[in-house]
Amino acid sequence: MRNLKLFRILEFGDIQAPGKPQCFCLRTEQETVIIGSEHGLMEVDPVTREVKNEIPLVAEGFLPDDGSGCIVGIQDLLDQESVCVATASGDVILCNLSTHQLECVGSVASGISVMSWSPDQELVLLVTGQQTLVMMTKDFEPIMEQKIHQDDFGESKFVTVGWGRKETQFHGSEGRQAAFQMQMHESALPWDDHKPQVTWRGDGQFFAVSVVCPETGARKVRVWNREFALQSTSEPVAGLGPALAWKPSGSLIASTQDKPNQQDVVFFEKNGLLRGHFTLPFLKDEVKVNDLLWNADSTVLAVWVEDLQREENSTLKTYVQLWTVGNYHWYLKQSLPFSTCGKSKIVSLMWDPVTPYRLHVLCQGWHYLCYDWHWTTDRSSGENSSDMANVAVIDGNRVLVTVFRQSIVPPPMCTYRLLLPHPANQVMFFAHPKKSNDLAILDASNQVSVYKCDDSPSVDPTVRLGAVGGNGFKVSLKTPHLEKRYKIQFENSEDQEVNPLKLSLLTWIQEDIFLAVSHSGSSSQSVIHHLTMAPSETDDEQGQLNISSSVTVDGVIISLCCNSKTKSVALQLAGGQILRYLWESASLAVAPWKNPGGVPVRFPYPCTQTELAVIGGEECVLGLTDRCRFFINDSEVASNITSFAVYDEFLLLTTHSHTCQCFRLTDSSFKTLQAGLSSSHMSHGETLRKVERGSRIVTVVPQDTKLVLQMPRGNLEVVCHRALVLAQIRKWLDKLMFKEAFECMRKLRINLNLIHDHNPKVFLENVEAFIRQIDSVNHINLFFTELKEEDVTKTMYPPPVTSAVQLPGDPEGRKVDLICDTMRAAMENINPHKYCLSILTSHVKKTTPELEIVLQKVHELQGTGNVPPAPDAVSAEEALKYLLLLVDVNDLYDHSLGTYDFDLVLMVAEKSQKDPKEYLPFLNTLKKMETNYQRFTIDKYLKRYEKAIRHLSKCGPEYFPECLNLIKDKNLYNEALKLYPPNSQQYKDISVAYGEHLMQERLYEPGGLVFARCGAHEKALDAFLACGSWQQALCAAAQLHLSRDQLAGFGRSLAGKLVEQRKHRDAATVLEQYAQDYEEAVLLLLEGAAWEEALRLVYKYNRLDIIETNIKPSILEAQKNYMAFLDSQTATFSRHKKRLLVVRELKEQAQQAHLDDDVPRGRESDLFSETSSVVSGSDMSGKYPHSNSRISARSSKNRRKAERKKHSLKEGSPLEDLALLEALNEVVQGTEKLKDEIHQILKVLFLFEFDEKGRELQKAFEDTLQLMERSLPEIWTLTHQQNSAAPVLGPNSTANSIMASYQQQKTSVPVLDAELFIPPKINQKTQWKLNLLE
């Protein structure tokens, strides 16, 4: 849906040269034009309008003096820096333009009619006057000569498959005589010049020749390959014209055909068969086709036609038409009318071989024109909902308009057609934002047709509906009507006759004012014209567009864009400069466009599409080149953009990576846009969307969510870009347009939580408006079902950066409950009957579904059966049926049963799939029970056991055993104890059961407390004995009123258990106080090293003899044991430390040796395969045969066994270093724990004058501690820990070395053993020494 728009025109016509031009060619590297005439060659620079070279051919005798000479072909030879010229007399001349040297490289006596070079300039083909083809190399060495007329079909002759002769076939209505009819060959067209035509395929592998057959007089097309072998001959085509052009892409050969009522451009395949055509917009025998030309990328076909003389003294014209194809439909995009007399008569035209859309035209009066075209999409630019998102497509005398707001009509169809008297060349929509549907069309006769979309009762015959309406259907579409046609009045009509496109870049800026640009033919200047509509005397009379004012600009203007909001017009010059045109000012000034830094903006490359947009508060110029480079002002933002469009505050772009990105311009800057479009920074969320390969933006529907894209093959695709959708939804929600927002979100699958989360406070304040706008129970229910506690503005749809700060939601996470309650209140206030189902949904969707309330409401509906229902009321049956869609029927049945209302239960059960044989006997049984026991049975059935025992407790003492069993079965002791008074027997029975339960769970102390509380002292005594709580046990024993002997015996047994638990002090206390056995108590204290407590008892009972008999020997024995233990600890510590250092040194040596094996040994090291790293890993693990990987953990016994074996102190084990660290850690911690015991024994050693023993013990303990303190930094080193854990990386590393280091790390440092590398702590503040011994 694109049109060809004039990008730049280059023109000069003041060359003073003799004769008339005959043909021309291009020198692409020098950007000059070589023109041939009957006198010689002339090289001209079209930019500077200077004559570079003149090479006369008459003086050298190659052309006759009388001016009758003719040049049939000119070709610039890039590699030879020369020009090859062929004359009709038969000479082939090589002209060196730098030395002006002429060389005749060949001559044909019969003359030359055509010279054609292959596209790669390796071969040259000559058509001689004797109707032969001569092929030569680029050095003009003959390869072969063949006759142009061949009797053979060619190598690609069709093969019959033997399905019978033609005479035996069925011929339908023509009858059998059709098999014997001889085919009649029509002669060539009357205006055919009978000259051969040659065309090459784009790759130079084939060429086609169109020639008039001398036998039949009709034209034929023959295809030859590069080796000069005939491939095929075209099928007989009546009225075949001389024009011939092979599509550069190689698929089709274009020619023309005169038919009885029309003239077509037809296409041949390489095998000579016809394939497709399109009709030229002329009558039969009205024009002749002089030539057909494909552009370099095969997208545009230029048709050069000329009027035939039909009446005397009639004005004849020549037309250059540009045709394109899309969706198998051929569009006439441009029609350039030239005169056939005078200096404006076309001599030759050609496409540029390098720039695809550049057309060169040479006229007879030495007038040269160069047109640069580019693709553009003509769309309306309004931004409110009144804009219909119109897109206009030029198709000859018709303009096809598609209204995308109402319907998506794929091309070549359209919504409506505008019929014009002449072919259209340019379409423009009114730039006014409120009248953007009005459009104006500039046709080939320089006439502007203005169509307006206002309320006009009359039917315009020039407007025809397309793919909409017809066949009795009513069209709800406001079509435009032709207001008037205006003829543009030029000041100089002579120039107009030469250049048919005098004005370009026509722009409709005001109601009666157009802007247009013209170019000077004699200088590099452009003129901006203000075209004003002149009023006419009558409405039917043709109006005029007069040039009211003009502004001259130094430079060639190649693009013009305007902003309807800011009233700015940006002009782009051919040199890249951007100018600001102040058309509203009185002086009509033109000033350089400056960026925010005050520097004039200049595009590095000419941009074919320019737009104005406000980015970050600054108005900027956006440009896109034909090479997909995208600029904002003079900064290149991206280099992979295929199309872009500016809509409202958004910039939409499609990229080569098949994505469509949408940026909010108010939040963006140059850097953010550049970062968002860079390939390394792939944006996510609502900014980016994947699209089909090759998609281009057609238009954006204003105040809607539609983005229309066109695929390369021509079909359309409408997407709703997430950024546009969310922006539009936010606008609707801000305006409280809930219905539009809801419909859009429902259709496009946007989470409906956004309606609330966008602004919770506003939504809750306008709940009634929301309900009234939606006005649909189903839609409100849909809203309820999608509610969730998540705030979607923080997760799924984060708001734009500059949006207002949203109010926080409910901090307690009660969003769903709050919405349900608020909306339910509003619906009950508006119409509780109409919104009955929605009210039920609000109860069900709460965080804790209120099913009982829902069932009660349904029951109330059933109870109002005798009352006449409201018009929009819902019956109980409908409500229940709907409720079953939201809630599982079994859950609903259970909840109805939990209400103890059997009518409600029956109502739910009848709607379920339950068998009445299942629930009716159960319900009948329940009805016969006493109320409390009935409710107990229901609660037990529903597994509501707390309620069940509450109801059962009210049934009387005879049901207590059943209640107690239920309490024991479901562990409801705490709840049951609350139901009975503390002094009741039931309370005691429950407590005893509770205590027994705790005893089974090995919770002896809580069980004992429960027993003690309820008075079960014997059970309490057993529980306290089991848990070792001797104080509580003695209390329980006291409450059992035991005798003195029983209490003493109990005390001795209790002391024995305490000794087993190594609680010697507690055991001594029990023996002394309850068994009155202080001697045994002293012995227990000595056993537990409680020296001071033992002395206290000795002195209390005045048994000083025990000091000599027991205490002193015990102290000396303890000192001896401590000394032996310290010696053992010191020896173990030193041995493990020494072995650890040796193990570490061995591991470092092994690792270094392994790395040395993997050092690159030269260039051949790069040839090793990747499998070498695998071998390295297996070798590394093979060094430790006792691998830990075979340990199985199938049982707890095996796991414990594995834990014991994991850190083995056996020399050579893989984890020996960790085992040594673990052992050293245990030695240090064991020694640290002795400080308090050493301090206690040192005091009693000093007390009983064992000073030497005390000093010896103190010295030994101090030496042991100092040894460990000195060794800690050496054993637990941070450097070793890092070295063992860090992989070997760096420039000298190889794959093998890195793999080996990771394997070493995996083997030596398991993750679970990381705590072993933390050194143990020795508390220096603990005071254990006795200074009296120093």
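The chain is numbered in sequence order, starting from 1.
In this structure, E43 pairs ionically with R27, as a charged nitrogen and a carboxylate oxygen lie closer than 4.0 Å. In summary, D307 and K317 do not engage in a salt bridge, as defined by a charged side-chain N under 4.0 Å from a carboxylate O. Between D120 and R226 there is a salt bridge, since a side-chain N of the basic residue sits under 4.0 Å from a carboxylate O of the acidic one.
From L336, atom CG reaches atom CG of L359 across 7.5 Å, with rounding to the nearest 0.5 Å. If you take CD on E235 and CG on L273, they are separated by 5.5 Å, rounding to the nearest 0.5 Å. Here the OG1 atom belonging to T256 is positioned 10.0 Å from the CG atom belonging to D291, to the nearest 0.5 angstrom. The CG atom of L63 sits 9.0 Å away from the SG atom of C70 when rounded to the nearest 0.5 Å. Remark: N425 CG to L6 CG distance equals 9.5 Å, nearest 0.5 Å. A distance of 10.5 Å separates CZ in R201 from CG in N225, rounded to the nearest 0.5 Å.
Residue Q262 qualifies as enclosed at atom CD: its count of foreign heavy atoms under 6.0 Å is above 12. Crowding of K195 atom NZ: a count of heavy atoms from other residues, nucleotides or ligands under 6.0 Å not exceeding 12.
With Y368 as reference, H360 is the one residue of E11, R49, H360 to meet the side-chain hydrogen bond (donor to acceptor under 3.5 Å, both in side chains) rule. Residue S210 forms a side-chain hydrogen bond (donor to acceptor under 3.5 Å, both in side chains) with just one option from R219, K220, Q197, and that option is R219.
In this structure, W304 has no ring pair (Phe, Tyr, Trp, His ring centres under 6.0 Å) partners at least two apart in sequence or on a different chain. For T87, the side-chain hydrogen bond (donor to acceptor under 3.5 Å, both in side chains) test picks out S89, with sequence neighbours left out.
Here the side chain of S255 pairs a donor or acceptor atom with the backbone of A243 at under 3.5 angstrom. A donor-acceptor contact shorter than 3.5 Å is absent between the side chain of Q121 and the backbone of S118. Judged by distance alone, with hydrogens and angles left aside, the side-chain atoms of T340 form a donor-acceptor pair with the main-chain N or O of L316 at under 3.5 Å. Side-chain N or O atoms of D45 include one that pairs as donor or acceptor with a backbone N or O of V47 at under 3.5 Å. Under the 3.5 Å distance criterion, the side-chain polar atoms of S339 are left unmatched by any main-chain donor or acceptor of T318. Between the side chain of S234 and the main chain of V221, a donor-acceptor pair closer than 3.5 Å is present.
Looking at Q257 and D264, their side chains never bring a donor and an acceptor atom within 3.5 Å of each other. Residues K333 and N3 have side chains that bring a donor and an acceptor to within less than 3.5 angstrom of each other.
Scanning all heavy atoms of the two residues, the minimum distance from P242 to V289 falls at CG-O, 4.5 Å.
Ring orientation note: the planes of W330 and F267 are close to parallel, at an angle under 30° on the 30°/60° scale. Ring pair W224/F207 is parallel by interplanar angle, where below 30° counts as parallel and above 60° as perpendicular. Relative ring orientation between W323 and F278 is described as tilted, the plane-to-plane angle lying within the 30° to 60° band.
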>> For Y371 and Y357: C-alpha separation, side-chain torsions, deciding distance, then whether ring-ring contact (aromatic ring centres under 6.0 Å, His included) applies.
In response: CA-CA 8 Å; Y371 297 102; Y357 299 104; over 10 Å; no
>> Set out, in order, the CA-CA distance, both residues' side-chain angles and the distance that settles side chain to side chain contact (heavy atoms under 4.5 Å, CB included) for Q22 and E38, then state yes or no.
In response: CA-CA 7 Å; Q22 296 176 340; E38 65 266 29; 3.7 Å; yes
Only distances under 3.5 Å count here; give the side-chain donor-acceptor pairs of residues 74-82 to other protein atoms, sequence neighbours excluded, each with its distance to 0.1 Å.
| unit_1 | atom_1 | unit_2 | atom_2 | d |
| --- | --- | --- | --- | --- |
| Q80 | NE2 | K138 | O | 3.3 |
| S82 | OG | Q80 | O | 2.9 |

